[in-house]
Amino acid sequence: MNITIYKNFPYQILFLLCIVVSLFANYELTFAVWSLTLLITIKRKYSFTIIQYNAIFLSILLIAIVSTFFNKTTAFLFIRDFTYLVKPILGLLVGYQLCRFSSKLALKVLVYTGLAISIIHLIMLLFAVIEFRTLSVNLLRDRGGYFSDYEIYILIILIFYKDFKLEISKNQRLFLIATIGLSSFLYLARTNLIQFVILYVGLKGYLTFNKRSLKVILSIVLAAIIGYAAIVYINPKREGRGIQAFLYKIKIAPKEAFKTRIDKDDWKDFNDNYRSFENIIAVNQVSANGNRAILFGEGLGSTLNLGRKVWTNDHEYVQYIPIVHNGYMTVFLKSGILGVLFLLTFLVVLFRQKKSDIDNVQTINYLLIGSSVFLIVSNWVFLGLYLKLDNKSIIIGFLVALREVMIREHNSQKRIKNEY
């Protein structure tokens, strides 16, 4: 019996592996898989766009390295922080290098990878429910994961399949939307809800500002205010179960990451506003170390002293932490205000996509524009591209390469038509 393995099949497996491994709480394994993938998929040529994106994150890393010489650290802490700050560079390059397909196949690789991780997620939840016989929100999130940005991207691609020119049957599309949609919902993640709205608005073209887009955005903001007012009126409790626990998380969201005063002796206030507590500690600690630290950070190996031990998602008590939930504050700690300015520069550059007359290319542009807007939120609450569980950097790198593939295909078809 003859078994045929197509030359692009290994890249499909590597892409699936790189996405799946990032969902598990083992950053060492993720870093190893991504690094190995990077080494075995190196391309001969790279576009200016991907070089530009990586140069920005490389600048943040270099500032942190230079700042390290002015502070005491250990080899272990230095290497650990180096792997954290190099992660966006690694992800962008891995995603870019793994897109070795036609645009039609590349889109299907994206979609069916999303199906695979959604099935894995649903199976994990099923086993958790069978074992504990409860539908507790905390249990579902602890056992199944706290979010999945990747699945939201795939939902958007499936909804706008015509714009992407995704060739898929109606029944397949409905099955994929139902499966991935259910999995996405069961994360009960506020950031994923925000991500979906932002990307949907972006794909509609409403993030490129004009009178029409301004009206749409204002309508969405008004609807959000009304919806939030309704949740406040319902007044869900922190000890509530099921959907009430999720609504409680939404109710406290506006102050959770922005509160400036926290009663550390009140466990409810401390737990509900822990992100703000981290931000306050970061600003105070870096500022206390003088202007050099404010401008250039404390370098690789620096940690925040929380003043007490706290229980983390890694299931351990820690007092000194190398990173915080807020990506801007993490970069501020390592690379100072200059590093934060570079991070903001990346968001601006990612947002400023050149308009294309090629329909599916412009759709990719809209998705990248939406990604930049979402990263403003993601950096504030979940470390953005620096999060250990994050795979958005791979998605962005893949999309940049996919856009280049689409342009080459369009130009090739145009050249063939002209010849005839």
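We use all heavy atoms of the structure for the numbers below, so side chains are in, but hydrogens, waters and symmetry mates are not.
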Peer 1: Salt bridge (charged side-chain N to carboxylate O under 4.0 Å, His left out): which pairs involve residues 285-310, sequence neighbours left out?
Peer 2: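 Non-adjacent pairs meeting salt bridge (charged side-chain N to carboxylate O under 4.0 Å, His left out): zero.
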Peer 1: Classify the ring geometry of Tyr274 against His325: parallel below 30°, tilted from 30° to 60°, perpendicular beyond 60°.
Peer 2: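 Aromatic pair Tyr274/His325 classed perpendicular.
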Peer 1: Look at atom CZ of Phe78 and say whether more than 12 heavy atoms of other residues, nucleotides or ligands are closer to it than 6.0 Å.
Peer 2: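 Yes, CZ of Phe78 has more than 12 neighbouring heavy atoms, counting only those of other groups under 6.0 Å.
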Peer 1: Indicate the atoms forming the closest heavy-atom contact of Leu85 with Leu300, along with that distance.
Peer 2: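 Minimum heavy-atom separation between Leu85 and Leu300: CD1-CD2, 3.6 Å.
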Peer 1: Please check this pair: side chain of Gln362 against backbone of Ser356, looking for a donor-acceptor N/O pair closer than 3.5 Å.
Peer 2: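 Yes: the side chain of Gln362 pairs with the backbone of Ser356.
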Peer 1: Side chains of Tyr153 and Ser371: is there a donor and an acceptor less than 3.5 Å apart?
Peer 2: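 Judged by distance alone, the side chains do pair up.
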Peer 1: Just to verify, what does Phe351 make a ring pair (Phe, Tyr, Trp, His ring centres under 6.0 Å) with, not counting sequence neighbours?
Peer 2: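 None.
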Peer 1: Check the pair Leu122 / Thr179 against side chain to side chain contact (heavy atoms under 4.5 Å, CB included), numbers first and verdict last.
Peer 2: CA-CA 9 Å; Leu122 292 173; Thr179 305; 4.1 Å; yes
Peer 1: Donor-acceptor pair, distance only, cut-off 3.5 Å: does the side chain of Asp390 make one with the backbone of Tyr386?
Peer 2: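 Pair absent, no side-chain N/O of Asp390 close to backbone of Tyr386.
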Peer 1: If only atom types and distance count, is the side chain of Ser335 paired as donor or acceptor with the main-chain N or O of Ile60 below 3.5 Å?
Peer 2: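 At least one qualifying donor-acceptor pair exists.
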Peer 1: Do any pairs count as a salt bridge (charged side-chain N to carboxylate O under 4.0 Å, His left out) and have a residue in residues 96-116, sequence neighbours left out, and if so which ones?
Peer 2: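 Matches after skipping sequence neighbours: Lys104-Glu167.
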Peer 1: Scan residues 52-72 for pairs that pass side chain to side chain donor-acceptor pair (under 3.5 Å), counting only residues two or more places apart or in two chains.
Peer 2: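 Side chain to side chain donor-acceptor pair (under 3.5 Å) check on residues 52-72 returns Tyr53-Gln353.
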Peer 1: Can you run down the salt bridge (charged side-chain N to carboxylate O under 4.0 Å, His left out) pairs that involve residues 40-56, sequence neighbours left out, and say none if there aren't any?
Peer 2: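 For residues 40-56: none.
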Peer 1: So, taking the atom named CG in Asn365 and the one named CG in Leu350, what distance separates them when rounded to the nearest 0.5 Å?
Peer 2: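 That separation rounds to 10.0 Å.
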Peer 1: Backbone N or O of Gly299 within a donor-acceptor pair of the Ser302 side chain at under 3.5 Å?
Peer 2: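 Yes, Ser302 side chain to Gly299 backbone: donor-acceptor pair under 3.5 Å.
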Peer 1: Does any part of the side chain of Ile154, heavy atoms only, come nearer than 4.5 Å to the side chain of Leu110, both counted from C-beta?
Peer 2: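 The answer is yes, as the side chains (C-beta and beyond) meet within the 4.5 Å cut-off.
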Peer 1: Rounded to the nearest 0.5 Å, how far apart are CG of Leu166 and CD1 of Ile159?
Peer 2: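 Rounded to the nearest 0.5 Å, the CG-CD1 separation comes to 12.5 Å.
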Peer 1: Could you state the interatomic distance from CZ (Phe164) to CG (Leu203), rounded to the nearest 0.5 Å?
Peer 2: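 It is 4.5 Å, given to the nearest 0.5 Å.
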Peer 1: Step by step, would you call Ile180 with Ser184 a side chain to side chain contact (heavy atoms under 4.5 Å, CB included)?
Peer 2: CA-CA 6 Å; Ile180 299 173; Ser184 300; 4.0 Å; yes
Peer 1: Could you tell me how the ring of Tyr11 sits relative to the ring of Phe101: parallel (under 30°), tilted (30 to 60°) or perpendicular (over 60°)?
Peer 2: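 Perpendicular.
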Peer 1: With rounding to the nearest 0.5 Å, note down the distance linking CG in Leu402 to CD1 in Ile395.
Peer 2: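 That separation rounds to 12.5 Å.
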Peer 1: Please list, chain by chain and in numerical order, all residues satisfying side-chain hydrogen bond (donor to acceptor under 3.5 Å, both in side chains) with Tyr206, sequence neighbours excluded.
Peer 2: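 Only Arg212 meet the side-chain hydrogen bond (donor to acceptor under 3.5 Å, both in side chains) criterion with Tyr206.
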Peer 1: Once you round to the nearest 0.5 Å, how far does CD1 of Ile369 lie from CG of Leu199?
Peer 2: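 Ile369 CD1 to Leu199 CG: 11.5 Å, rounded to 0.5 Å.
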Peer 1: Does a side-chain heavy-atom distance below 4.5 Å link Tyr150 with Leu23?
Peer 2: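 The answer is no, as the side chains (C-beta and beyond) never meet within the 4.5 Å cut-off.
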Peer 1: For the CG atom on Asn305, are there more than 12 heavy atoms of other groups (residues, nucleotides or ligands in this structure) within a distance under 6.0 Å?
Peer 2: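 More than 12 heavy atoms, drawn from other residues, nucleotides or ligands, come within 6.0 Å of this atom.
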Peer 1: Could you tell me whether the side chain of Leu115 reaches within less than 4.5 Å of the side chain of Tyr112, counting heavy atoms only?
Peer 2: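 A side-chain contact under 4.5 Å exists here.
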Peer 1: For the residue pair Glu151 and Phe185, establish whether any side-chain heavy-atom pair is separated by less than 4.5 Å.
Peer 2: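 No. Closest side-chain heavy atoms not under 4.5 Å.
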Peer 1: Hey, could you give me each pair passing salt bridge (charged side-chain N to carboxylate O under 4.0 Å, His left out) that has a residue in residues 76-92? Not counting sequence neighbours.
Peer 2: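 Those involving residues 76-92 are Asp81-Lys334.
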Peer 1: Apply side-chain hydrogen bond (donor to acceptor under 3.5 Å, both in side chains) to Asn192 and list each qualifying residue two or more places apart in sequence or on a separate chain.
Peer 2: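 By the side-chain hydrogen bond (donor to acceptor under 3.5 Å, both in side chains) rule, Asn192 matches Asp149, Gln195.
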Peer 1: CZ of Phe127: more than 12 outside heavy atoms within 6.0 angstrom?
Peer 2: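 Incorrect, the count does not exceed 12.
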Peer 1: I want to check something: taking the side chain as every heavy atom from C-beta on, are Ser378 and Thr191 in contact at a cut-off of under 4.5 Å?
Peer 2: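 In short, these two side chains do not touch, never coming nearer than 4.5 Å.
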Peer 1: Rounded to the nearest 0.5 Å, how far does CD1 of Ile294 lie from CG of Asn289?
Peer 2: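 The distance works out to 9.0 Å.
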Peer 1: Could you tell me whether the side chain of Thr49 reaches within less than 4.5 Å of the side chain of Arg403, counting heavy atoms only?
Peer 2: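 Yes, at least one pair of side-chain atoms sits under 4.5 Å.
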Peer 1: Would you please test Tyr146 and Leu389 for side chain to side chain contact (heavy atoms under 4.5 Å, CB included) and show each step?
Peer 2: CA-CA 10 Å; Tyr146 293 93; Leu389 302 177; 5.5 Å; no
Peer 1: Is Trp380 close to Tyr328 at the side-chain level, that is, under 4.5 Å between some pair of heavy atoms?
Peer 2: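 In contact.
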Peer 1: Could you walk me through whether Val348 and Leu344 pass the side chain to side chain contact (heavy atoms under 4.5 Å, CB included) test, one step at a time?
Peer 2: CA-CA 6 Å; Val348 172; Leu344 294 174; 5.6 Å; no
Peer 1: Under the rule for ring pair (Phe, Tyr, Trp, His ring centres under 6.0 Å), what residues qualify as partners of Tyr366, not counting sequence neighbours?
Peer 2: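 Scan of Tyr366 (ring pair (Phe, Tyr, Trp, His ring centres under 6.0 Å), adjacent residues dropped) gives none.
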Peer 1: Which pair of non-hydrogen atoms, one from Val94 and one from Cys18, has the smallest distance, and what is that distance?
Peer 2: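 So the minimum-distance heavy-atom pair works out to CG1-SG, 4.0 Å.
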Peer 1: Taking the side chain as everything from C-beta on, heavy atoms only, tell me whether Val201 gets closer than 4.5 Å to Ile220.
Peer 2: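 Val201 reaches Ile220 side chain to side chain.
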Peer 1: Any pair with a residue in residues 26-35 that passes side chain to side chain donor-acceptor pair (under 3.5 Å), sequence neighbours left out, goes on the list, sorted by first then second residue, please.
Peer 2: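 Sorted result for residues 26-35: empty, none.
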Peer 1: Name all residues meeting the ring pair (Phe, Tyr, Trp, His ring centres under 6.0 Å) criterion together with Tyr161; count only those two or more places apart in sequence or in a different chain, and write none if there are none.
Peer 2: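 Tyr161 satisfies ring pair (Phe, Tyr, Trp, His ring centres under 6.0 Å) with no other residue.
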Peer 1: Can you list every side chain to side chain donor-acceptor pair (under 3.5 Å) pair that touches residues 114-127, not counting sequence neighbours?
Peer 2: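 Found His121-Ser183.
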Peer 1: Using distance alone, with no hydrogens and no angle criterion, decide if Asp163 and Thr363 have a side-chain donor and acceptor under 3.5 Å apart.
Peer 2: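 The criterion, which ignores hydrogens and geometry beyond distance, is not satisfied for Thr363 and Asp163.
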